[in-house]
Amino acid sequence: MKNSFRDKNIQSKKDKDEMSLINEILETTNESGFNILDNFTKYTQLSTISRFLTRYEVYKLQLGIPGVILDIGVGRGSSLFTWAKLSEIFEPVNYTREIHGFDTFDGMSKIDNKDKNKKKKTNYEIFKPNENSFTNIKKAVTLFNINRKLSHIDKVFLYKGDVEKTIIKFEKENPHALVSLLHLDVDVYKPTKFVLKRVIKRMPKGSIILFGELSTKLYPGETRALLETLEIKKKAIKRFPFSTTMSYLVI
(Lines give C-alpha, C1' and ligand atoms only; values in the text may rest on other atoms or scores of the structure.)
Protein backbone atom coordinates (compact mmCIF):
# COMPACT_ATOMS: atom_id res chain seq x y z
CA MET A 1 0.00 0.00 0.00
CA LYS A 2 1.60 3.24 -1.16
CA ASN A 3 2.77 5.62 1.58
CA SER A 4 1.18 3.52 4.32
CA PHE A 5 4.10 3.23 6.78
CA ARG A 6 3.88 -0.54 6.32
CA ASP A 7 6.94 -2.64 5.47
CA LYS A 8 6.26 -5.05 2.61
CA ASN A 9 8.62 -7.62 4.18
CA ILE A 10 6.08 -8.45 6.87
CA GLN A 11 2.80 -7.83 5.01
CA SER A 12 0.90 -10.88 3.78
CA LYS A 13 -1.43 -10.94 0.79
CA LYS A 14 -4.34 -10.84 3.24
CA ASP A 15 -2.89 -7.70 4.86
CA LYS A 16 -2.62 -6.00 1.48
CA ASP A 17 -6.13 -7.09 0.48
CA GLU A 18 -7.49 -5.78 3.77
CA MET A 19 -5.79 -2.38 3.38
CA SER A 20 -7.01 -2.11 -0.22
CA LEU A 21 -10.59 -2.81 0.77
CA ILE A 22 -10.39 -0.31 3.66
CA ASN A 23 -9.26 2.36 1.20
CA GLU A 24 -11.96 1.39 -1.29
CA ILE A 25 -14.70 1.60 1.36
CA LEU A 26 -13.48 4.96 2.65
CA GLU A 27 -13.23 6.42 -0.85
CA THR A 28 -16.71 5.31 -1.93
CA THR A 29 -18.84 5.56 1.23
CA ASN A 30 -21.32 8.41 1.69
CA GLU A 31 -20.73 8.22 5.43
CA SER A 32 -19.42 11.49 6.88
CA GLY A 33 -15.79 11.81 7.94
CA PHE A 34 -16.93 12.47 11.51
CA ASN A 35 -19.02 9.29 11.61
CA ILE A 36 -16.16 7.25 10.15
CA LEU A 37 -13.89 8.36 12.98
CA ASP A 38 -16.63 8.00 15.57
CA ASN A 39 -16.97 4.34 14.52
CA PHE A 40 -13.28 3.71 13.78
CA THR A 41 -13.32 0.09 15.01
CA LYS A 42 -15.51 -0.78 12.02
CA TYR A 43 -12.68 -0.07 9.58
CA THR A 44 -9.32 -0.15 11.31
CA GLN A 45 -6.99 -3.15 11.38
CA LEU A 46 -6.55 -5.23 14.52
CA SER A 47 -2.89 -4.19 14.64
CA THR A 48 -3.93 -0.56 14.97
CA ILE A 49 -6.15 -1.36 17.93
CA SER A 50 -3.46 -3.49 19.58
CA ARG A 51 -0.97 -0.60 19.31
CA PHE A 52 -3.51 1.72 20.91
CA LEU A 53 -4.17 -0.76 23.75
CA THR A 54 -0.42 -1.10 24.36
CA ARG A 55 -0.03 2.67 24.66
CA TYR A 56 -3.09 2.83 26.90
CA GLU A 57 -1.64 0.25 29.30
CA VAL A 58 1.78 1.94 29.29
CA TYR A 59 0.20 5.32 29.97
CA LYS A 60 -1.53 3.94 33.04
CA LEU A 61 1.77 2.54 34.34
CA GLN A 62 3.34 6.00 34.46
CA LEU A 63 0.33 7.86 35.87
CA GLY A 64 1.77 8.11 39.37
CA ILE A 65 5.20 9.31 38.20
CA PRO A 66 5.90 13.05 37.88
CA GLY A 67 7.24 14.25 34.55
CA VAL A 68 6.58 15.00 30.91
CA ILE A 69 6.15 12.57 28.04
CA LEU A 70 8.64 12.54 25.16
CA ASP A 71 7.38 11.08 21.88
CA ILE A 72 10.46 10.45 19.73
CA GLY A 73 9.28 9.67 16.21
CA VAL A 74 5.88 11.34 15.86
CA GLY A 75 5.22 10.12 12.31
CA ARG A 76 1.61 10.94 11.49
CA GLY A 77 0.75 11.59 15.12
CA SER A 78 -0.95 8.42 16.36
CA SER A 79 1.19 8.00 19.48
CA LEU A 80 1.49 11.74 20.16
CA PHE A 81 -2.26 12.23 20.30
CA THR A 82 -2.82 9.00 22.20
CA TRP A 83 -0.64 10.39 25.02
CA ALA A 84 -2.31 13.79 24.79
CA LYS A 85 -5.87 12.48 24.88
CA LEU A 86 -5.21 9.89 27.59
CA SER A 87 -3.72 12.70 29.66
CA GLU A 88 -6.88 14.72 29.13
CA ILE A 89 -9.03 11.74 30.15
CA PHE A 90 -7.04 10.52 33.19
CA GLU A 91 -5.54 13.75 34.56
CA PRO A 92 -7.16 16.79 32.89
CA VAL A 93 -5.91 19.30 35.46
CA ASN A 94 -2.32 18.04 35.60
CA TYR A 95 -0.81 20.80 33.51
CA THR A 96 2.71 19.51 34.26
CA ARG A 97 2.10 16.39 32.14
CA GLU A 98 3.23 17.98 28.89
CA ILE A 99 3.59 15.99 25.68
CA HIS A 100 6.70 16.77 23.61
CA GLY A 101 6.84 15.36 20.07
CA PHE A 102 10.04 15.05 18.02
CA ASP A 103 10.38 14.24 14.31
CA THR A 104 11.97 15.47 11.10
CA PHE A 105 8.49 15.15 9.52
CA ASP A 106 10.41 14.47 6.29
CA GLY A 107 11.42 10.84 6.76
CA MET A 108 14.90 9.48 7.46
CA SER A 109 18.02 10.98 5.90
CA LYS A 110 20.86 8.72 7.09
CA ILE A 111 21.00 5.06 8.11
CA ASP A 112 23.89 3.72 10.21
CA ASN A 113 25.63 0.41 9.44
CA LYS A 114 24.16 -0.88 12.71
CA ASP A 115 20.69 -0.49 11.20
CA LYS A 116 21.42 -2.87 8.34
CA ASN A 117 20.13 -6.41 8.22
CA LYS A 118 22.25 -8.86 6.23
CA LYS A 119 19.37 -11.15 5.29
CA LYS A 120 16.64 -8.65 4.42
CA LYS A 121 16.90 -5.07 3.25
CA THR A 122 14.68 -2.84 5.34
CA ASN A 123 12.76 -0.26 3.35
CA TYR A 124 13.16 2.98 5.30
CA GLU A 125 11.62 4.98 2.45
CA ILE A 126 8.15 4.03 3.69
CA PHE A 127 8.55 6.57 6.50
CA LYS A 128 8.76 9.53 4.13
CA PRO A 129 5.27 11.07 4.00
CA ASN A 130 3.83 12.45 0.76
CA GLU A 131 1.58 14.85 2.60
CA ASN A 132 2.71 17.78 4.75
CA SER A 133 2.46 15.90 8.04
CA PHE A 134 3.88 18.74 10.15
CA THR A 135 1.18 21.18 9.03
CA ASN A 136 -1.45 18.49 9.52
CA ILE A 137 -0.27 17.74 13.06
CA LYS A 138 -0.20 21.43 14.02
CA LYS A 139 -3.85 21.67 12.91
CA ALA A 140 -4.63 18.58 14.96
CA VAL A 141 -3.08 20.26 18.01
CA THR A 142 -5.42 23.21 17.46
CA LEU A 143 -8.33 20.77 17.26
CA PHE A 144 -7.19 19.01 20.45
CA ASN A 145 -7.06 22.31 22.33
CA ILE A 146 -10.65 23.35 21.54
CA ASN A 147 -12.36 21.25 24.21
CA ARG A 148 -9.62 20.76 26.82
CA LYS A 149 -10.13 21.40 30.52
CA LEU A 150 -7.15 23.79 30.78
CA SER A 151 -6.99 24.92 27.16
CA HIS A 152 -5.29 28.19 28.14
CA ILE A 153 -2.15 26.20 29.10
CA ASP A 154 -0.29 24.49 26.26
CA LYS A 155 0.06 20.71 26.57
CA VAL A 156 1.48 19.51 23.22
CA PHE A 157 4.82 20.84 21.96
CA LEU A 158 6.40 19.98 18.60
CA TYR A 159 10.08 19.86 17.66
CA LYS A 160 10.79 19.68 13.94
CA GLY A 161 14.23 18.54 12.77
CA ASP A 162 17.07 16.21 13.70
CA VAL A 163 16.30 14.88 17.19
CA GLU A 164 20.00 15.01 18.10
CA LYS A 165 19.62 18.79 17.90
CA THR A 166 16.03 19.27 19.00
CA ILE A 167 16.41 17.17 22.17
CA ILE A 168 19.12 19.62 23.25
CA LYS A 169 16.69 22.47 22.53
CA PHE A 170 14.14 20.71 24.74
CA GLU A 171 16.70 20.38 27.55
CA LYS A 172 17.60 24.07 27.41
CA GLU A 173 13.97 25.14 27.44
CA ASN A 174 12.95 22.68 30.18
CA PRO A 175 15.73 22.39 32.77
CA HIS A 176 13.05 21.62 35.37
CA ALA A 177 11.45 18.67 33.60
CA LEU A 178 11.55 15.05 34.70
CA VAL A 179 10.46 12.44 32.14
CA SER A 180 7.80 9.92 33.17
CA LEU A 181 7.51 8.25 29.75
CA LEU A 182 10.00 8.10 26.89
CA HIS A 183 8.54 6.67 23.69
CA LEU A 184 11.30 5.69 21.26
CA ASP A 185 9.96 4.96 17.80
CA VAL A 186 12.51 6.27 15.30
CA ASP A 187 13.47 2.63 14.52
CA VAL A 188 17.16 3.39 13.93
CA TYR A 189 20.37 3.21 15.94
CA LYS A 190 22.02 6.61 16.17
CA PRO A 191 19.14 8.88 17.28
CA THR A 192 17.81 6.15 19.60
CA LYS A 193 21.14 5.85 21.40
CA PHE A 194 21.64 9.62 21.51
CA VAL A 195 18.24 10.23 23.12
CA LEU A 196 18.60 7.31 25.53
CA LYS A 197 21.93 8.57 26.87
CA ARG A 198 20.67 12.13 27.37
CA VAL A 199 17.17 11.49 28.70
CA ILE A 200 17.76 8.58 31.08
CA LYS A 201 19.21 10.92 33.73
CA ARG A 202 15.84 12.73 33.89
CA MET A 203 13.83 9.55 34.49
CA PRO A 204 12.94 8.65 38.10
CA LYS A 205 12.45 5.12 39.36
CA GLY A 206 9.19 3.69 38.02
CA SER A 207 9.20 5.74 34.82
CA ILE A 208 8.79 3.95 31.50
CA ILE A 209 10.67 3.63 28.22
CA LEU A 210 8.46 2.31 25.43
CA PHE A 211 10.26 0.90 22.38
CA GLY A 212 8.58 0.67 19.00
CA GLU A 213 10.75 -2.01 17.38
CA LEU A 214 12.79 -3.73 20.09
CA SER A 215 14.13 -7.22 19.24
CA THR A 216 12.87 -6.86 15.67
CA LYS A 217 14.90 -8.30 12.80
CA LEU A 218 14.06 -5.57 10.30
CA TYR A 219 15.13 -2.78 12.68
CA PRO A 220 18.19 -4.04 14.60
CA GLY A 221 19.52 -0.56 15.34
CA GLU A 222 17.01 0.06 18.13
CA THR A 223 18.10 -3.03 20.06
CA ARG A 224 21.77 -2.27 19.51
CA ALA A 225 21.27 1.24 20.88
CA LEU A 226 19.66 -0.19 24.03
CA LEU A 227 22.37 -2.82 24.56
CA GLU A 228 25.11 -0.20 24.27
CA THR A 229 23.40 2.19 26.69
CA LEU A 230 21.82 0.18 29.53
CA GLU A 231 22.57 -3.06 31.37
CA ILE A 232 19.40 -4.92 30.48
CA LYS A 233 19.97 -7.64 33.10
CA LYS A 234 19.36 -4.98 35.73
CA LYS A 235 16.15 -3.78 34.09
CA ALA A 236 12.71 -5.31 33.68
CA ILE A 237 11.84 -5.36 29.97
CA LYS A 238 8.28 -6.46 29.32
CA ARG A 239 5.64 -6.72 26.64
CA PHE A 240 1.89 -7.28 26.46
CA PRO A 241 0.62 -10.55 24.90
CA PHE A 242 -1.54 -8.66 22.39
CA SER A 243 1.38 -6.52 21.19
CA THR A 244 4.02 -7.51 18.64
CA THR A 245 7.06 -5.26 18.24
CA MET A 246 6.36 -2.90 21.16
CA SER A 247 8.16 -3.53 24.46
CA TYR A 248 8.59 -1.43 27.55
CA LEU A 249 11.28 -1.02 30.18
CA VAL A 250 10.64 0.05 33.76
CA ILE A 251 13.34 2.28 35.23
Side-chain angles (χ1 to χ4, degrees), residues 1-59 71-86 89 101 103-108 111 115 117 119-144 183-188 210-220 222 239-248:
M1 187 64 59
K2 186 177 180 182
N3 200 35
S4 63
F5 282 24
R6 296 289 191 275
D7 198 307
K8 293 180 181 179
N9 286 302
I10 54 174
Q11 299 300 310
S12 68
K13 183 180 183 303
K14 289 181 179 180
D15 291 323
K16 295 171 185 175
D17 289 345
E18 182 182 32
M19 286 188 286
S20 293
L21 185 54
I22 290 171
N23 268 342
E24 180 184 328
I25 292 172
L26 294 179
E27 288 170 359
T28 57
T29 184
N30 61 358
E31 192 171 10
S32 71
F34 178 86
N35 282 338
I36 287 171
L37 291 175
D38 208 36
N39 297 277
F40 73 97
T41 52
K42 179 167 61 174
Y43 301 105
T44 194
Q45 290 182 298
L46 290 176
S47 59
T48 301
I49 295 176
S50 71
R51 283 193 296 275
F52 175 79
L53 290 175
T54 298
R55 292 165 183 156
Y56 166 77
E57 294 293 345
V58 165
Y59 190 91
D71 194 62
I72 314 296
V74 170
R76 288 190 170 101
S78 176
S79 56
L80 181 80
F81 287 100
T82 297
W83 311 132
K85 292 184 178 183
L86 289 177
I89 290 168
D103 208 302
T104 64
F105 298 99
D106 293 316
M108 300 176 186
I111 305 300
D115 293 308
N117 186 312
K119 293 186 177 181
K120 286 186 178 180
K121 185 177 180 181
T122 304
N123 179 19
Y124 291 100
E125 290 297 315
I126 63 173
F127 299 111
K128 185 174 179 61
N130 288 338
E131 72 277 14
N132 191 331
S133 59
F134 186 59
T135 298
N136 176 270
I137 286 171
K138 286 194 295 182
K139 289 181 179 179
V141 172
T142 300
L143 173 64
F144 169 67
H183 179 218
L184 289 167
D185 198 20
V186 291
D187 302 332
V188 291
L210 176 63
F211 295 91
E213 306 289 345
L214 198 64
S215 193
T216 302
K217 186 180 293 184
L218 290 172
Y219 305 96
E222 190 170 293
R239 63 180 296 275
F240 297 102
F242 49 80
S243 187
T244 52
T245 63
M246 299 169 74
S247 305
Y248 67 97

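No hydrogens, no waters, no symmetry mates; every other heavy atom, side chains included, goes into these values. Worth saying up front: this structure is predicted, and the values here are computed from it rather than measured.
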To the nearest 0.5 Å, tell me how far Ile137 CD1 sits from Arg76 CZ. 9.5 Å

Does the Thr29 side chain pair with the main chain of Ile25, one donor and one acceptor, at a distance under 3.5 Å? no

For the residue pair Phe240 and Tyr248, categorise the inter-ring angle as parallel (less than 30°), tilted (30 to 60°) or perpendicular (more than 60°). parallel

Quick one: does any side-chain atom of Glu222 pair with a main-chain N or O of Glu213 as donor and acceptor, under 3.5 Å? yes

Could you pull out the closest heavy-atom pair between Ser79 and Gly73, with the gap in Å? OG-O, 4.4 Å

For the atom pair CZ (Phe52) and CD (Glu57), what is the distance rounded to the nearest 0.5 Å? 10.0 Å

Does Ser50 use its side chain to pair, donor to acceptor, with the backbone of Thr48 at less than 3.5 Å? no

As an exercise, state the distance from CG of Leu21 to OH of Tyr43, rounded to the nearest 0.5 Å. 10.5 Å

Please report the closest heavy-atom contact between Leu210 and Ser247, naming both atoms and the distance. CD1-O, 3.3 Å

Would you check if the side chain of Thr245 reaches a backbone N or O of Gly212 as a donor-acceptor pair within less than 3.5 Å? yes

Using a cut-off of 6.0 Å, state whether more than 12 heavy atoms not belonging to Tyr56 lie near its atom OH. no

What's the spacing between Leu53 CG and Met246 CE if we round to 0.5 Å? 10.0 Å

Listed by chain and number, what are the salt bridge (Lys or Arg N to Asp or Glu O under 4.0 Å) partners of Glu18, not counting sequence neighbours? none

Nearest-0.5 Å distance, OG1 of residue Thr44 to CG of residue Asn39: 12.5 Å

Please state whether the rings of Phe144 and Phe81 are parallel, tilted or perpendicular, taking 30° and 60° as the class boundaries. perpendicular

Is the closest side-chain donor-acceptor distance between Ser78 and Arg55 under 3.5 Å? yes

Test your reading of the model: is there a side-chain donor-acceptor pair from Asp103 to the backbone of Gly75, 3.5 Å cut-off? yes

Return the CG to CG distance between Leu214 and Asp187, rounded to the nearest 0.5 Å. 11.5 Å

Tell me every residue that passes salt bridge (Lys or Arg N to Asp or Glu O under 4.0 Å) with Lys42, counting only those two or more places apart in sequence or in another chain. Glu31

Asp38 side chain to Phe34 backbone, donor-acceptor under 3.5 Å: no

